[in-house]
Structure formats: structure tokens, C-alpha cells
Protein chains: 2
Amino acid sequence: MMAMDDIDSVIVRELQSNARQTNRELAATVGIAPSTCLERVRLLRDRGVITGYHADVSLTALGREVQALLHVQVRPLNREVIEGFKSYAAGLPEVLSVFVLAGGDDFLVHVAVPSVEGLHAFLMDRFSARREIVGFRSSVIYQHHRNRVIDPLDPAGSAR
Amino acid sequence: MMAMDDIDSVIVRELQSNARQTNRELAATVGIAPSTCLERVRLLRDRGVITGYHADVSLTALGREVQALLHVQVRPLNREVIEGFKSYAAGLPEVLSVFVLAGGDDFLVHVAVPSVEGLHAFLMDRFSARREIVGFRSSVIYQHHRNRVIDPLDPAGSAR
DNA sequence: TGATCACACCGAACTAAGTTCGGCGAATAG
DNA sequence: CTATTCGCCGAACTTAGTTCGGTGTGATCA
């Protein structure tokens, strides 16, 4: 992997904050010519540092007032069951995220539903019928803070 | 809240998939004039449906090979302690997301670190010294699937 | 039922940005 | 000291963003 210099870091940080600013604005912010900036951004995409640009949507605006985290245990623990459940969960419209975990719980599923009743209905309709699920716990989310800007860890960060 | 019609839904879905497509492309996809499309997008932002545009970055490209979920219990359970831990965790560069939860665990923290050693160092350096933390469990993430496109739930979805 | 109003959409004109490319200058290696 | 490479720049060209007046449609009310 090619090195990212300071300019690349600033570009990446800026685009994480606002992916729709113009190339000229971005160039002005980082202090290089627009043409150079365009090339830098293109390279960042080509190198796979920037993987895409996405609009963020308000879940409440879409009528999803309640979020929850569902810890799910499935059995037996083999590839078919795990992949099967993962793609099943990922395909549900209520599901925001699916984590496959090491340790006690096998999955963690982040969902957004219209209401607490909706959460109950979701669990009953979508989860209870699945035979591979041997147990789950659900935790309603009171608050969710997301760090949108991710910088390279500085050398003083966690050990390599 | 004003109603979202089908055209708005398509616009929102498209911008979630690719926030950097041109307004003309977007207009062509949804089948309206560019000027109309521009106005629609502006209204979606004004109404708070679209909250922002963000570049997605490869964590591996930034040298963070390992992700984990940390379940954290803090005591005593009062506003100062909870807010204090939340903002502390949110301010750490390794932290991607902080969930404040109902139920047994009080927090769930999503972190990305360079390595398993980095995870260990993070827990020792950043968490162990905090007096309010009375316990935590960490789960390494094997896979993470994220649904980037979130549509309004159709009427057949979870009960309201 | 017919007239009026409101509203969203459209398209043209203008402004601004994206994109390409030739050349320049600095840094490096020979 | 010279040759080479590489990234950066800026001008020119292409394309897109933005504004605004006009138009058609659907709703409201007499």
C-alpha cells in the first residue's frame, strides 16, 4: 500500500465530513490546485482508501423511532448456518447492520423499527420462526453516537 | 412531517448508494428534469430526511485490521457518569460508534484497531484506568455487513 | 359546472465546476 | 553537473449546477 501523506489525510477527512463539496472547495481547503486535487481523489479511490460516497438519512424521518441491538445465538455452528443466518438478517429491511462475532454471542444485529411494538413484531415474525436460533437478547438503544471521521491512528496510538 | 412520494424515495435510495452522482444523472434515473430534481434534493435536506453526505473509508487501508465490540458496564448509573463515559469513548480515535443501551449492559462500543495487540493495549490504556467501569466484555468481529440503503418500511412491515 | 388559484414541473440561459493536457520545476540518481 | 522522473500547476474545453419565467394540471369554490 502506497503511503498517505498529510494532504491525502486532509482530503480523506474532508470528504468524510462532506462528500458533496466541490473539488474546487476541497482543493482550496487543502491548499493545492483543483486539477491536482482531482487526481489525488481519483488515486484514493483507485487505491481503495475511499470506498464510496453515501447520503446519510434520518431514521426518524423515515418513521423508525426505535433502534435496538439483538444478540443472537445460532446452532449448530457451521458455515452454512452462519452464512445462512447472516444473509437472511442482512436482507431484512429493518436491519441496519449485522456483526458476526467471536465469543459467546454469535451475531449482533442492529435494527431500526417504527416502535417498540414494531420491535416485538419483528422478533416474533422474523426471528422466532428460524430454527437455527437458539436464543437472543434484545437491548433498546437510548443513544447512538457515531464517529464519522476516521483518521489514520497516529504513532502514539495502539501498538502495532 | 411532509409526505415522501415515490420520487423522493428513489432519490433518497440513489443518494444513499452514490452520493456523488451528478444531479443530471440522478434526474435521469428518477425521470424528472434536473431543475426539479435539484429542488427535490434541496427540500429533502431542508426537511431533515437527508442529513449529510459522507465518504466511506476502508479501515484496512488506514491500517486498522481488527474490529471489536466492547460491552461495558459503568457504575453508579447516573447522568454524569453515563454522559461522561459516553463522551470519553466518543472522543477516542479508535472508537467508531458508541451505543447507550437499556438492559444489562450499559454501553456497547465499536472499535477499530491495528491488531489484536492493539485491542489489548486499547483496553488496558483507555478503559482499565476508568474508575466508573465495573466490567466489560470484548468480542472480536469476524465479519460486518452494513445495509447502506434504508428505505421507508412498506405498510406490510412492522406494526406501528 | 366553470373559473380561479396554487403548485409543481419544465427548459432555456447563465454561472460555475469538472476534466484534460502540455509544460514547468524540484528532487534524485547517475 | 546533467539527465530523468514525478507531481503539481494553470489554461482551455466540456459538462454540470443554478435560477427563473412560463406552462399545464389538479383542486377549490362560487
Side-chain angles (χ1 to χ4, degrees), chain A residues 1-58 60-63 148-155, chain B residues 1-58 60-63 148-155:
Chain A
M1 158 107 14
M2 205 169 181
M4 287 223 331
D5 59 16
D6 294 344
I7 292 178
D8 283 339
S9 289
V10 177
I11 290 175
V12 169
R13 180 164 43 239
E14 280 296 313
L15 288 177
Q16 284 181 95
S17 296
N18 177 12
R20 280 216 127 182
Q21 61 188 301
T22 65
N23 181 59
R24 294 172 121 89
E25 283 178 290
L26 183 58
T29 302
V30 308
I32 56 177
S35 51
T36 309
C37 190
L38 198 71
E39 176 70 2
R40 290 263 192 169
V41 172
R42 200 181 60 70
L43 286 175
L44 285 167
R45 294 217 62 172
D46 290 352
R47 281 155 52 197
V49 177
I50 293 174
T51 59
Y53 305 99
H54 307 282
D56 252 45
V57 168
S58 159
T60 34
L62 295 184
R148 286 224 177 63
V149 173
I150 301 160
D151 277 321
L153 292 177
D154 31 84
Chain B
M1 157 108 14
M2 203 167 180
M4 287 223 332
D5 59 13
D6 294 344
I7 293 179
D8 283 339
S9 290
V10 177
I11 290 176
V12 169
R13 178 164 44 241
E14 279 297 313
L15 287 177
Q16 284 181 97
S17 297
N18 178 11
R20 279 216 129 184
Q21 62 187 300
T22 66
N23 181 59
R24 293 172 120 89
E25 283 177 290
L26 184 58
T29 303
V30 308
I32 57 179
S35 50
T36 308
C37 190
L38 199 70
E39 176 71 1
R40 289 263 193 170
V41 172
R42 199 181 59 71
L43 286 174
L44 285 167
R45 294 216 63 172
D46 290 351
R47 281 156 51 196
V49 177
I50 294 175
T51 58
Y53 305 99
H54 306 281
D56 253 46
V57 167
S58 159
T60 28
L62 295 184
R148 285 223 179 62
V149 175
I150 301 159
D151 278 321
L153 292 177
D154 31 85

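Each chain gets a letter, A, B and so on, in the order its sequence line appears, and its residues count up from 1.
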Within this structure, what is the [atom1]-to-[atom2] distance between [X] and [N], rounded to whole angstrom?
| X | N | atom1 | atom2 | answer |
| --- | --- | --- | --- | --- |
| B:Leu26 | C:dC9 | CG | P | 13 Å |
| B:Arg40 | C:dC7 | CZ | P | 15 Å |
| A:Asp5 | D:dG7 | CG | C1' | 11 Å |
| B:Leu38 | D:dA16 | CG | P | 14 Å |
| B:Arg42 | C:dC9 | CZ | C1' | 14 Å |
| A:Tyr53 | C:dG18 | OH | P | 12 Å |
| A:Gln21 | C:dA17 | CD | C1' | 14 Å |
| B:Ile7 | C:dA8 | CD1 | C1' | 10 Å |

Could you pick out which residue, A:Thr22 or B:Cys37, lies toward the 5' side of DNA chain C when each is mapped onto its nearest nucleotide?
B:Cys37

Are the side chain of B:Asp56 and the backbone of A:Thr51 linked by a donor-acceptor contact shorter than 3.5 Å?
no

For A:Asp5, I'd like to know if atom CG has over 12 heavy atoms of other residues, nucleotides or ligands within 6.0 Å.
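Enclosed: over 12 neighbouring heavy atoms sit under 6.0 Å from CG of A:Asp5.
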
Using the side-chain heavy atoms of B:Asn23, tell me which of these nucleotides is nearest: C:dC9, D:dG17, C:dT19.
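Side chain of B:Asn23 sits closest to D:dG17.
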
Can you tell which of C:dT19, C:dA8, C:dC10 lies closest to the side chain of B:Ile32?
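So the side chain of B:Ile32 is nearest to C:dC10.
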
Rounded at 0.5 Å granularity, tell me how far [atom1] in [X] sits from [atom2] in [Y].
| X | Y | atom1 | atom2 | answer |
| --- | --- | --- | --- | --- |
| B:His54 | A:Leu15 | NE2 | CG | 11.5 Å |
| B:Ile32 | B:Leu26 | CD1 | CG | 7.0 Å |
| A:Leu44 | A:Glu39 | CG | CD | 10.0 Å |

What protein N or O atoms touch nucleotides 11-15 of chain C N or O atoms at under 3.5 angstrom, if any, and at what distances?
from, atom 1, to, atom 2, distance (Å)
C:dG11, N7, B:Ser35, OG, 3.1
C:dG11, O6, B:Ser35, OG, 2.7

Nearest non-hydrogen partners of A:Pro152 and A:Ser9, listed with the distance:
CG-OG, 4.0 Å

Does A:Val49 reach the side chain of A:Asp8, with side-chain heavy atoms less than 4.5 Å apart?
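No, every pair of side-chain atoms sits at 4.5 Å or beyond.
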
5'-most contact on DNA chain D (nearest-nucleotide basis), A:Arg20 vs A:Glu39, goes to A:Glu39

